[in-house]
A.B. asks: 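To start, I am sharing the structure in question, which I have written as structure tokens.
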Amino acid sequence: MAHPPYEPPPQHPPPEPHLTYPWQPRPLPPQAPAHRLPRHPAPGRHSDLRILRGAYRGQRRVATLTALGYFTLFLALSAFTPALMTGTVTAGLPTGLLLGLCQLPVTGLAVLLYEYTARHRLDPLAERLRKQAASAYGTTSAGGRP
């Protein structure tokens, strides 16, 4: 459909970028939130949050290195010392099988170590920060605890 040179082509309104389909209703204009948090300084000291993050990081490293370290040791022994792994410990029980069966208790130890450190080191610090946040904002913390 060609237009004569003296008549410009018809102009269409540009599409609205927020609508996916033209038949969608227009979104409501943004409204101010009904309730805003008061402007208080951050609860707790930033060093407390850094200590908590570092403790979580250390906890993950210890648990991971406990389980993966033993498994890596087992794989290295299997690859580089086959004579040791095929040798017997007691009547008919090869060393490799005994070390392989020990992986389950070592993994359980890693889980228990993770839980112990969480309960004794991380939970008290997290609870203290949670209480500071609740008192700073005058609300109850997560889980309905005052």
A.B. asks: Give the minimum heavy-atom separation between Leu52 and Leu122, together with the two atoms involved.
C.D. replies: CD1-O, 4.0 Å
A.B. asks: Could you measure the distance from the CG atom of Leu129 to the CD1 atom of Ile51? Nearest 0.5 Å is fine.
C.D. replies: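 Reported to 0.5 Å precision, the distance equals 9.0 Å.
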A.B. asks: What distance do Leu77 atom CG and Thr72 atom OG1 have between them, rounded to the nearest 0.5 Å?
C.D. replies: 11.0 Å
A.B. asks: Any donor-acceptor pair under 3.5 Å linking the side chain of Thr64 with the backbone of Arg61?
C.D. replies: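 No: the side chain of Thr64 does not pair with the backbone of Arg61.
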A.B. asks: About how many Å separate CG of Leu65 and CZ of Arg60, when rounded to the nearest 0.5 Å?
C.D. replies: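 That separation rounds to 12.0 Å.
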A.B. asks: Please evaluate residues Arg128 and Leu125 with respect to the criterion side chain to side chain contact (heavy atoms under 4.5 Å, CB included), reporting the C-alpha separation (whole Å), side-chain torsions for both, the decisive distance (0.1 Å), and the verdict.
C.D. replies: CA-CA 5 Å; Arg128 189 179 79 210; Leu125 182 58; 3.2 Å; yes
A.B. asks: In Å and rounded to the nearest 0.5 Å, what is the CG to CZ distance from Leu75 to Phe80?
C.D. replies: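 One finds 10.0 Å between CG of Leu75 and CZ of Phe80.
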A.B. asks: Check whether Tyr70 reaches the backbone of Leu99 with its side chain - one donor and one acceptor, N or O, closer than 3.5 Å.
C.D. replies: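 Yes; judged by distance alone, with no hydrogens or angles, the pair exists.
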A.B. asks: If you look at every heavy atom in Thr95 and Val89, which pair is closest and at what distance?
C.D. replies: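 Heavy atoms of Thr95 and Val89 come nearest at OG1-CG2, 3.5 Å.
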A.B. asks: Once side chain to side chain donor-acceptor pair (under 3.5 Å) is applied, what residue pairs with a partner in residues 105-123 remain, sequence neighbours excluded?
C.D. replies: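 Listed once each, the pairs are Gln59-Thr117, Glu115-Arg119.
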A.B. asks: Specify the closest pair of heavy atoms between Pro94 and Thr86, including all atoms of both residues, with the distance to one decimal.
C.D. replies: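 Minimum heavy-atom contact is CB-O, 4.4 Å.
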A.B. asks: Testing the basics here: between Ala118 and Pro124, what is the closest heavy-atom pair and its distance to 0.1 Å?
C.D. replies: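 Nearest pair, atom of Ala118 first, then Pro124: O-CD, 4.5 Å.
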A.B. asks: Would you say Tyr56 and Leu49 are hydrophobically clustered, going by side-chain heavy atoms of ILVMFWY under 4.5 Å?
C.D. replies: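 Both belong to a single hydrophobic cluster.
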